[in-house]
S.K.: 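This is the structure, below, for whatever I ask next.
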Amino acid sequence: PFFFSRRPRKPRSSGLVGSEMCIRDRFHGGFLGVIFAVILFSRKIKEDALALIDFVAPLVPIGLGLGRMGNFINNELWGKPTDSILGFLVDNVIRHPTQIYEAILEGVFLFIIVWIYSRRQRESGMVAAVFLCNYSIFRIIIEFFRLPDSHIGYLYGNWLTLGQILSLPMLIIGIWIIINRRFKTV
């Protein structure tokens, strides 16, 4: 304990390595990996992949919320400077605690929405669609308060981030599933 208390931890490298070179945003890359794994697993057990995702979707926000609280504890992913009473002093600048915003929206609120929606029997894919739509909307909103990755910056103007761009396909897929299920011909 004495050794570590006298030698502060060095910051981790922000260089692009491994899979981060393809998809920098860890959630979206991990999400694609999980979807791929679920598709393979569903084929192996001969079950509908969307039904399997519907089963898992209500539990995902718990992990998202806990992960964002871990970001807060690790002093990561701070937001833009603010004069709001919600701000935290970080490196002598008052910043939005976007990790807490995300823990509340993507963790607590998303869990409540998806859990309540999943309590009734739904068509295959509908719970996944509700998760996709709500997660992507929450993420797009939060990105307006969050600082973009320093090596990427804003993609357009002073507002469009990679997280918003990567959330759009999730929103489109969620809407497509809803439309496909609602207006499906019998």
S.K.: Using the rule that two of Ile, Leu, Val, Met, Phe, Trp, Tyr join whenever any of their side-chain heavy atoms come within less than 4.5 Å, decide whether L86 and L77 are in one cluster.
M.R.: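 They do not share one cluster, since no chain of ILVMFWY contacts under 4.5 Å joins L86 to L77.
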S.K.: Closest approach of N134 and V130, non-hydrogen atoms and distance?
M.R.: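 Nearest heavy atoms, N134 then V130: ND2-O, 2.8 Å.
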S.K.: Please confirm whether the backbone N or O of A128 pairs with a side-chain atom of D54, one donor and one acceptor, at under 3.5 Å?
M.R.: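 Pair found, side chain donor or acceptor close to backbone of A128.
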S.K.: Kindly assign one of parallel, tilted or perpendicular to the pair F111 and W115, based on the angle between their ring planes and the thresholds 30° and 60°.
M.R.: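 Rings of F111 and W115: parallel, as their planes differ by under 30°.
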S.K.: Any ion pair linking E123 and R182 (charged N to carboxylate O, less than 4.0 Å)?
M.R.: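 Answer for the salt bridge query: no.
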S.K.: Roughly how far, to the nearest 0.5 Å, is the CG atom of L52 from the CZ atom of R43?
M.R.: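 Spacing of CZ (R43) from CG (L52) equals 13.0 Å.
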S.K.: Does one hydrophobic cluster hold both I175 and I172, with members joined at side-chain heavy-atom distances below 4.5 Å?
M.R.: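 They do not share one cluster, since no chain of ILVMFWY contacts under 4.5 Å joins I175 to I172.
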S.K.: Looking only at heavy atoms, what is the nearest atom pair of D48 and S42, with distance?
M.R.: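 Nearest pair, atom of D48 first, then S42: C-CB, 4.3 Å.
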S.K.: Any heavy-atom pair between the side chains of L155 and L162 that's under 4.5 Å?
M.R.: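 Sidechains of L155 and L162: in contact.
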S.K.: Under 4.5 Å between side-chain heavy atoms, counting indirect links through other Ile/Leu/Val/Met/Phe/Trp/Tyr residues: same cluster for I100 and L89 or not?
M.R.: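 No, because I100 and L89 fall into different hydrophobic clusters, even though each may have its own neighbours under 4.5 Å.
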S.K.: Can you give me the closest heavy-atom contact between A57 and V127, atom names plus distance?
M.R.: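 What the structure gives for the nearest pair is CB-CG1, 4.0 Å.
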S.K.: Look at the side chain of R122 and the backbone N and O of Y117, then say whether any donor-acceptor pair between them is shorter than 3.5 Å.
M.R.: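 Yes.
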S.K.: In Å, rounded to the nearest 0.5 Å, how long is the span from CD1 of I35 to CE of M170?
M.R.: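 Interatomic distance, I35 CD1 to M170 CE, rounded to 0.5 Å: 8.0 Å.
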S.K.: What I'd like to find out is whether the side chain of Y101 reaches to under 4.5 Å of the side chain of E106, using heavy atoms alone.
M.R.: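 No - every pair of side-chain heavy atoms lies 4.5 Å or more apart.
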S.K.: Can you give me the closest heavy-atom contact between T82 and G87, atom names plus distance?
M.R.: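 Heavy atoms of T82 and G87 come nearest at CG2-CA, 3.9 Å.
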S.K.: Examine distances only and state if a side-chain atom of N180 and a backbone atom of W176 form a donor-acceptor pair shorter than 3.5 Å.
M.R.: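 Here the side-chain-to-backbone pair does not exist.
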S.K.: Taking it one step at a time, do W159 and E143 satisfy side-chain contact (heavy atoms from CB on, under 4.5 Å)?
M.R.: CA-CA 8 Å; W159 62 274; E143 287 288 320; over 6 Å; no
S.K.: Do you know the tightest heavy-atom contact between G65 and A103?
M.R.: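 Scanning both residues completely, I find the closest heavy atoms to be O-CB, 3.8 Å.
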S.K.: Taking ring-ring contact (aromatic ring centres under 6.0 Å, His included) as the definition, give me every residue that meets it alongside F72, ordered by chain and number, with sequence neighbours left out.
M.R.: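 F72: ring-ring contact (aromatic ring centres under 6.0 Å, His included) contacts with W78, F88.
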S.K.: Within the 3.5 Å criterion, strictly below it, is a donor on Q99 or N71 matched to an acceptor on the partner's side chain?
M.R.: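 Side chains of Q99 and N71: no pair found under 3.5 Å.
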S.K.: With a 6.0 Å cut-off on the ring centroids, do F109 and Y135 count as close?
M.R.: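 No: the rings miss the under 6.0 Å criterion.
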S.K.: For the backbone of T161 and the side chain of Q164, can you confirm whether one donor and one acceptor N or O come within less than 3.5 Å of each other?
M.R.: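 Such a contact is found between Q164 side chain and T161 backbone.
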S.K.: Looking only at heavy atoms, which two atoms of F131 and V114 are closest? And how far apart?
M.R.: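 It is CA-CG2, 3.9 Å.
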S.K.: Applying the side chain to side chain contact (heavy atoms under 4.5 Å, CB included) criterion to H28, which one of S167, P169, S136 satisfies it?
M.R.: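 Considering S167, P169, S136, a side chain to side chain contact (heavy atoms under 4.5 Å, CB included) with H28 is found only for S167.
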S.K.: Just to verify, what does I45 make a side chain to side chain contact (heavy atoms under 4.5 Å, CB included) with, not counting sequence neighbours?
M.R.: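 With neighbours one apart ignored, the set is F41, E47.
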S.K.: Is the number of heavy atoms from other residues, nucleotides or ligands under 6.0 Å of Y154 OH greater than 12?
M.R.: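 Enclosed.
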S.K.: For residues L40 and K44, determine if any side-chain heavy atom of one lies less than 4.5 Å from a side-chain heavy atom of the other.
M.R.: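 No, every pair of side-chain atoms sits at 4.5 Å or beyond.
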S.K.: Are L171 and I137 close enough that some pair of their side-chain heavy atoms sits under 4.5 Å apart?
M.R.: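 They are in side-chain contact.
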S.K.: So how far is it from L105 CG to R68 CZ, rounded to the nearest 0.5 Å?
M.R.: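 Here the interatomic distance stands at 11.5 Å.
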S.K.: Quick one: are I140 and L168 in side-chain contact, heavy atoms under 4.5 Å?
M.R.: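 Result yes, sub-4.5 Å side-chain heavy-atom pair found.
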S.K.: If only atom types and distance count, is the side chain of K80 paired as donor or acceptor with the main-chain N or O of F144 below 3.5 Å?
M.R.: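 Yes; judged by distance alone, with no hydrogens or angles, the pair exists.
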S.K.: For a 4.5 angstrom cut-off between non-hydrogen side-chain atoms, does F31 reach L132?
M.R.: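 The answer is yes, as the side chains (C-beta and beyond) meet within the 4.5 Å cut-off.
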